[in-house]
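Below you'll find the structure, written out as structure tokens, and then a few comments.
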2 protein chains.
Amino acid sequence: MARRSDHSREELREMAITAAEQIVVEQGYEGLSARKVATAIGYTVGTLYLVFENLDDLILHINARTLDRLHAHMNESQLHCGDASDCLLQLGQVYIRFADEDPHRWAMVFEHRFSEDQVVPVWFQEKIARMFALVEKGLEPLAEQHTRDEITQASRALWGGVHGICILALAGNLGVAGVDSVQDLTKTLITNYLKGFTNN
Amino acid sequence: MARRSDHSREELREMAITAAEQIVVEQGYEGLSARKVATAIGYTVGTLYLVFENLDDLILHINARTLDRLHAHMNESQLHCGDASDCLLQLGQVYIRFADEDPHRWAMVFEHRFSEDQVVPVWFQEKIARMFALVEKGLEPLAEQHTRDEITQASRALWGGVHGICILALAGNLGVAGVDSVQDLTKTLITNYLKGFTNN
DNA sequence: TTATTAAATGAACGCTGTTCAATTAAGAGT
DNA sequence: ACTCTTAATTGAACAGCGTTCATTTAATAA
């Protein structure tokens, strides 16, 4: 059926996402454009729009991959990590390191605002939820006297916190320089929070 | 000396900033453009560039005003606020309420990424620092056994945390809806953090 | 060899930030 | 009053953006 298809639709999507990721890594979100991606994969703009709804759609898929990698790192860190609070600290460290080492892709996940009519698909929301689930799981052993809801609440508060430090620090708004200082801040937050959370 | 000056340079800047604020409030950061601002004040694009270096420069001044208002609210909340931990809770509530009531202007302060060669002026950094100073001041009464550095560190961690909850919640990434839930999360974070911070 | 049809193109539209030669008009000098 | 000077203001121009879609191209089926 297919005509002049050097690549299938799926291959094209794959190529486009990969090329776009490269551009984001090198030039940041600002440097990304439909024409650049098209050129990079040896096609023209029009083709890109046969395979993606629009740029937001492409970005969504890049972000999905970033979240997958982030989740893999976080998950991996939980396999061998000592006691419960060590595990949560690990989780924080991994999060910060990831953001520091791949700032452009990380930033795009959390800073890109999709146009209002663009609905965030469920499968994407689940990738975010999965991250919080890891935190929740890490909190469980420390929360014998807490309800399920309290644990959920705590995981959101704690991870919101880690995320906030990460964002402010990378934007240079925390008056700290270097990853190590950010790691220290995260440790401060998690440690103190856990102390309060457990000593009820 | 001046020719055809219906408005002085300073008046022009004032008008432009005010008009731009209005656009951001109504249409968000995405809706802001040099031509729109120029039209709104009855001038053309060229004039805007006589009075601002570029769009980033204009945005910086809008953000400065937003930070001033935020600081005023936060500061005001500290005048009559009970004991030390109540005061810090107040600070958090005010921060969240501000972001919720003026999301577009608040978001622009923390989400707009200035072009790399644009140096963030010291007077602007000071407006950020001033906010953290308020938190630091709020922490002091609770930190008799802590050093100055520890208090600074704690204020950054805690406020990074509040900020993170705020960002994630407003972006819809925390699985919570409504300001009240965000306020609850903030309370959770601050309360537990303070418990850990004080019970050393 | 031709007809069919999906794949791919690229010009076009309306927008963006930014620049700067050209125009306009207010005040000074006569 | 008229001209000259000069600062204020304009708006066309440039290169880029996201997005659309009539047109062209080429691989297959007949």
Side-chain angles (χ1 to χ4, degrees), chain A residues 1-17 19-20 23-24 26-63 104 108 111-119, chain B residues 1-17 19-20 23-24 26-63 104 108 111-119:
Chain A
M1 305 273 174
R3 305 299 138 83
R4 198 199 333 186
S5 40
D6 292 344
H7 307 96
S8 72
R9 292 276 146 135
E10 209 40 62
E11 283 173 326
L12 235 52
R13 286 169 68 89
E14 182 66 29
M15 288 161 64
I17 296 173
I23 293 171
V24 172
E26 286 166 3
Q27 313 178 40
Y29 159 67
E30 249 80 85
L32 186 67
S33 86
R35 285 172 179 81
K36 278 188 196 169
V37 175
T39 303
I41 63 172
Y43 282 81
T44 57
V45 248
T47 304
L48 217 57
Y49 280 84
L50 294 174
V51 155
F52 293 100
E53 231 178 276
N54 48 41
L55 255 213
D56 271 3
D57 188 22
L58 172 56
I59 290 174
L60 192 77
H61 285 84
I62 301 174
N63 287 352
H104 288 146
M108 202 166 73
E111 292 183 11
H112 176 67
R113 293 287 158 254
F114 292 92
S115 82
E116 300 218 358
D117 47 349
Q118 178 94 5
V119 272
Chain B
M1 305 273 174
R3 307 297 137 86
R4 198 199 333 185
S5 41
D6 292 345
H7 307 95
S8 71
R9 293 273 147 132
E10 208 41 61
E11 281 173 327
L12 236 52
R13 288 170 67 90
E14 182 67 28
M15 289 161 65
I17 295 173
I23 293 171
V24 171
E26 286 165 6
Q27 313 178 40
Y29 160 66
E30 249 79 87
L32 186 67
S33 85
R35 283 172 180 82
K36 278 189 195 168
V37 175
T39 303
I41 62 172
Y43 282 80
T44 58
V45 248
T47 304
L48 217 55
Y49 281 83
L50 293 175
V51 155
F52 293 101
E53 230 178 278
N54 49 38
L55 255 212
D56 272 2
D57 187 22
L58 171 57
I59 290 173
L60 192 77
H61 284 84
I62 301 174
N63 287 352
H104 288 147
M108 202 165 74
E111 293 183 10
H112 177 66
R113 293 285 158 258
F114 292 91
S115 82
E116 301 219 357
D117 48 349
Q118 179 94 6
V119 272

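Quick note on labels: first sequence line is chain A, next is B, and so on, each numbered from 1.
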Rounded to whole angstroms, how far apart are [atom1] on [X] and [atom2] on [N]?
X	N	atom1	atom2	answer
B/L12	D/dA7	CG	P	17 Å
B/I23	C/dC15	CD1	P	15 Å
A/R13	C/dA8	CZ	P	15 Å
B/D6	C/dG27	CG	P	11 Å
B/L48	D/dT10	CG	P	11 Å
A/D117	D/dT19	CG	C1'	13 Å
A/E11	C/dA7	CD	P	13 Å
B/Q27	C/dC15	CD	C1'	14 Å

**Message:** Under the rule for salt bridge (Lys or Arg N to Asp or Glu O under 4.0 Å), what residues qualify as partners of B/E10, not counting sequence neighbours?
**Reply:**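 For B/E10 the salt bridge (Lys or Arg N to Asp or Glu O under 4.0 Å) partners, ignoring immediate neighbours, are B/R13.
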**Message:** Just to verify, what does B/R9 make a salt bridge (Lys or Arg N to Asp or Glu O under 4.0 Å) with, not counting sequence neighbours?
**Reply:**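 None.
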**Message:** With a 4.0 Å cutoff (strictly under), does any side-chain N or O of A/Y49 reach OP1 or OP2 of D/dT20?
**Reply:**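 Checking A/Y49 against D/dT20: no side-chain N or O falls below 4.0 Å of OP1 or OP2.
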**Message:** Is the phosphate of C/dA7 approached by A/T47 (side-chain N or O, under 4.0 Å from OP1 or OP2)?
**Reply:**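 No, outside the criterion.
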**Item:** A/D6 side chain near A/Y43 side chain, heavy-atom distance below 4.5 Å
**Value:**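 Yes, close enough: below the 4.5 Å cut-off.
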**Asked** Do the side chains of B/T44 and B/T47 get nearer than 4.5 Å, heavy atoms only?
**Response**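 B/T47 vs B/T44: side chains touch.
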**Item:** Partner set under side chain to side chain contact (heavy atoms under 4.5 Å, CB included) for A/F114, not counting sequence neighbours
**Value:**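 Result, side chain to side chain contact (heavy atoms under 4.5 Å, CB included) vs A/F114: A/D56, A/I59, A/L60, A/N63, A/H112, A/Q118.
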**Message:** I need the B/S33 OG to B/K36 NZ distance, nearest 0.5 Å.
**Reply:**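 If we round to the nearest 0.5 Å, B/S33:OG and B/K36:NZ are 5.5 Å apart.
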**Request:** Can you measure from OH (B/Y49) to CG (B/L58) and round to the nearest 0.5 angstrom?
**Result:**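 Between B/Y49 OH and B/L58 CG, I get 9.0 Å after rounding to 0.5 Å.
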**Request:** Output yes when B/R113 and A/E30 qualify as a salt bridge under the 4.0 Å nitrogen-oxygen rule, no when they do not.
**Result:**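 Between A/E30 and B/R113 there is no salt bridge, as every charged N stays at least 4.0 Å from the carboxylate O atoms.
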**Request:** Name the residue closer to the 5' end of DNA chain D, choosing between A/G31 and A/G46 according to the nucleotide with the nearest heavy atom.
**Result:**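 The residue mapped nearer the 5' terminus is A/G31.
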**Prompt:** Starting at the 5' end of DNA chain D and moving along, which residue's nearest nucleotide shows up first, A/A34 or B/G42?
**Reply:**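 Nearest nucleotide further toward 5': that of B/G42.
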**Item:** Atom CD of B/E116 with >12 non-hydrogen neighbours under 6.0 angstrom
**Value:**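 No.
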**Asked** Does A/H7 use its side chain to pair, donor to acceptor, with the backbone of A/L12 at less than 3.5 Å?
**Response**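 A pair under 3.5 Å: no.
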**Request:** Enumerate the residues from residues 50-58 of chain B whose closest heavy atom to DNA chain C is under 4.0 Å, giving them by residue number; use none for an empty result.
**Result:**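 The stretch gives B/N54, B/L55 as the residues lying under 4.0 Å from the strand, ordered by number.
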**Request:** Check the pair A/F52, A/I17 against side chain to side chain contact (heavy atoms under 4.5 Å, CB included), reporting the backbone distance first and the verdict last.
**Result:** CA-CA 10 Å; A/F52 293 100; A/I17 296 173; 3.7 Å; yes
Kindly give the atom pairs (protein nitrogen or oxygen, nucleotide nitrogen or oxygen) under 3.5 Å for nucleotides 13-16 of chain D.
residue: D/dA13; atom: N6; partner: B/R35; partner atom: NH2; Å: 3.3

**Request:** Mind grabbing the angle between the end helix axes of the helix from C/dT1-D/dA30 to C/dT30-D/dA1? Five pairs an end, 10° rounding.
**Result:**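 The angle separating the two end axes equals 30°.
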**Message:** I need the minimum non-hydrogen distance between A/A19 and A/I41, along with the two atoms involved.
**Reply:**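 For A/A19 versus A/I41, the nearest heavy atoms are CB-CG2, 3.7 Å.
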